[in-house]
Amino acid sequence: MRMETMQDLLEKVQEFAFHDFGKEEAKKLFGWDVAEILVNSSKEDENHILIIFNNNFMLFIRYFLNLDPSQTDDTCEFILGLKTDLTSRIKYSINYGNYIHGQGYIRFRVADTKNRMVQVMLEEFFVPAIKNVYKPIIERFKGFYGKDFFGVEADGNGGQIYYASIRSRSEHKGARLGDVIGRLTELELLLKDPHIRQDLAKVDLQLSLLPSMMDSGL
């Protein structure tokens, strides 16, 4: 079956649960050559699967036990992402959000630290500075429905651009797979813009020069 919507991809993800999480099975189901599959079954009633494809797309899958008898199909969710070489000294995640009246805004999450002084510095300097970089382009991360969105996550090892998580009750599972892939690719190119990279690099450099950060080991 040809995959045309995120619903079709969800059905493939659901089918993958009945296999051994091997590369060949993943290639047969999803149609892309697989570079790596990571499995985490540390929780008794959950499995976390990361599939990294050779084309740099990634599937983050969570299989879970659902005890609600009216939600028998709601046993997994996934995020489709695209690897990027974007890095950051401090791990953060940023995505588009909707106000009630439809105006876009920035949702931002930054890694927690046990050092109170560093946490205050992140909240007072790092968060506003990163938001200022993304503010002019955040509309480009808008989704196709009311509650979906695109986002970007980065840390010292690299980053990823991602689409909102999909599960059986998600309205945006009707989004066309080609449109999602196209937007992820478009956003990857956008974030390679030299001006954006330069602005992000300035924030990282300025952060590293702050006295509280120099002694933090971050």
Side-chain angles (χ1 to χ4, degrees), residues 3-6 9 30-33 35-36 50-61 77-99 101-111 122-123 125-166 170-208:
M3 291 186 293
E4 295 185 351
T5 67
M6 298 302 280
L9 181 53
F30 303 113
W32 290 334
D33 289 327
E36 188 176 12
L50 169 60
I51 306 175
I52 304 173
F53 298 98
N54 286 353
N55 58 8
N56 284 333
F57 280 93
M58 301 182 292
L59 272 177
F60 299 85
I61 305 171
E77 67 177 337
F78 74 89
I79 294 174
L80 179 62
L82 177 61
K83 288 177 66 177
T84 172
D85 60 357
L86 184 68
T87 60
S88 173
R89 179 179 296 271
I90 302 297
K91 182 177 181 178
Y92 69 85
S93 179
I94 193 166
N95 65 265
Y96 180 91
N98 277 316
Y99 283 125
H101 300 294
Q103 183 180 358
Y105 72 103
I106 293 176
R107 285 180 176 158
F108 191 92
R109 293 173 297 281
V110 65
L122 293 179
E123 293 171 358
F125 168 75
F126 181 73
V127 172
I130 291 291
K131 279 186 174 181
N132 283 338
V133 177
Y134 282 96
K135 187 175 181 179
I137 60 173
I138 195 61
E139 284 288 332
R140 304 278 287 272
F141 289 80
K142 186 176 182 179
F144 308 107
Y145 292 79
K147 295 182 179 180
D148 63 332
F149 56 84
F150 290 83
V152 58
E153 183 177 282
D155 61 22
N157 297 316
Q160 60 143 336
I161 304 158
Y162 59 90
Y163 183 54
S165 64
I166 299 281
S170 301
E171 175 193 29
H172 52 284
K173 66 184 181 183
R176 295 184 62 83
L177 179 59
D179 291 341
V180 174
I181 291 174
R183 182 72 68 81
L184 290 171
T185 304
E186 174 189 316
L187 291 172
E188 182 200 21
L189 292 175
L190 174 65
L191 293 177
K192 287 183 180 291
D193 181 283
H195 297 292
I196 294 175
R197 287 296 176 98
Q198 186 177 28
D199 289 342
L200 291 173
K202 283 181 181 177
V203 175
D204 249 18
L205 177 60
Q206 291 169 1
L207 186 68
S208 69

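Here the structure is a predicted model, which means the values were calculated and not measured.
- Using bins of under 30°, 30° to 60° and over 60° for the plane-to-plane angle, the ring pair F53/W32 lands in the perpendicular bin.
- Once rounded to the nearest 0.5 Å, the distance linking CG of L50 with CD of E36 reads 7.5 Å.
- Considering CG of N95 and NZ of K142, their distance stands at 14.5 Å, rounded to 0.5 Å.
- In this structure, CG in D193 is found 8.5 Å from CD1 in I137, a value given to the nearest 0.5 Å.
- Within the 3.5 Å criterion, the main-chain N or O of M6 finds no donor-acceptor partner in the side chain of H172.
- Summarising the local packing, CZ of R176 is surrounded by 12 or fewer heavy atoms from other residues, nucleotides or ligands at distances under 6.0 Å.
- Among residues two or more places apart in sequence or in another chain, the side-chain hydrogen bond (donor to acceptor under 3.5 Å, both in side chains) test is passed with Q160 by none.
- When each of F144, Y96, Y162 is paired with F150, the side-chain contact (heavy atoms from CB on, under 4.5 Å) condition holds for F144 and for no other.
- Between L82 atom CG and N55 atom CG the span is 8.0 Å, to the nearest 0.5 Å.
- The closest side-chain donor-acceptor pair between S93 and R109 falls under 3.5 angstrom.
- Counting heavy atoms from C-beta outward, F108 and P128 have side chains that stay 4.5 Å or more apart.
- Between atom OH of residue Y134 and atom CD of residue E139 there is a gap of 16.0 Å, rounded to the nearest 0.5 Å.
- Taking CD1 from I166 and CD1 from I61, the interatomic distance works out to 13.0 Å, rounded to the nearest 0.5 Å.
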